[in-house]
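Right, one structure below, let's go through it.
The residues of the chain are indexed from 1 along the displayed sequence. Bear in mind the structure is a predicted one, so any value in this text is a computation, not a measurement.
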Amino acid sequence: GSAYFYRSPRHGQRYVLSFPFFFDSPGTTYAFAYCYPYTYSYLQRFLASVEARGLRCCRRSLLARSVQGRRLDLLTISSPANLATDAAHERGILQQQHARKRDDTGTRQSSREQDGLGTQNGLG
C-alpha cells in the first residue's frame with residue numbers, strides 16, 4: 001500500500017498522513033484506528049504507578065517473561081472481594097503443586113532405592 005505524508009496548505013501547513021482505501025464490499029463495516037507509539041518502557045512506568053497507588057480493585061501479576069526477559073504482566077481489575085478470593089485460590093493451587101513436587105521427588109527416590117539405583121551407582 002501507499003501512504004503519503006506531506007504539509008497541507010488546506011490544513012494550515014500542518015503535516016497530513018493520507019493513504020488510499022477502497023470500500024469494495026457494500027454493507028461491510030470498516031474501522032480505522034490510529035495510536036501514537038506506546039513504548040514498553042512507558043507501559044511499565046504506567047503499570048508501576050498504578051501498582052504504587054495501592055488500589056484494592058487492581059492487581060498486577062507477572063504472567064511470564066518474554067524471550068528478551070521482559071515482564072509480561074496480567075492486570076486484573078475486579079472487586080476487592082473477588083481479588084481476595086482469587087488470591088486465596090491461587091495460594092491453594094501453589095501449595096498443592098509444591099506438595100505434589102515433594103511427593104513426586106520422594107516417590108522417585110523410593111523407586112530408585114527399590115530398584116537398586118541409589119547413590120552408590122552415581123544416579124541418585
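- Atom CD of Q44 is separated from atom OG of S49 by 11.0 Å, given to the nearest 0.5 angstrom.
- Cluster annotation: I77 and L74 are assigned to distinct hydrophobic clusters (Ile/Leu/Val/Met/Phe/Trp/Tyr, side-chain heavy-atom contacts under 4.5 Å, transitive).
- Between F32 and Y30, the distance from one ring center to the other does not fall under 6.0 angstrom.
- Pairs passing the side chain to side chain donor-acceptor pair (under 3.5 Å) check and including a residue from residues 63-72, sequence neighbours excluded, read S66-Q68, R71-D73.
- Y42 and Y40 sit in two unconnected hydrophobic clusters of ILVMFWY residues. Membership requires side-chain heavy atoms under 4.5 Å apart, directly or through other members.
- The two atoms that bring C57 and L83 nearest to each other are C-CD1, 3.4 Å, heavy atoms only.
- Considering every non-hydrogen atom in both P20 and S2, the closest pair reads CD-O, 3.1 Å.
- One hydrophobic cluster, built from ILVMFWY side chains closer than 4.5 Å, holds both Y38 and L75.
- Y6 and Y15 fall into different hydrophobic clusters, where Ile, Leu, Val, Met, Phe, Trp and Tyr residues are linked whenever their side-chain heavy atoms come under 4.5 Å apart, directly or through other members.
- Residue P9 comes nearest to Q13 through the heavy atom pair CA-NE2, 3.3 Å, listed as atom of the first residue, atom of the second, then distance.
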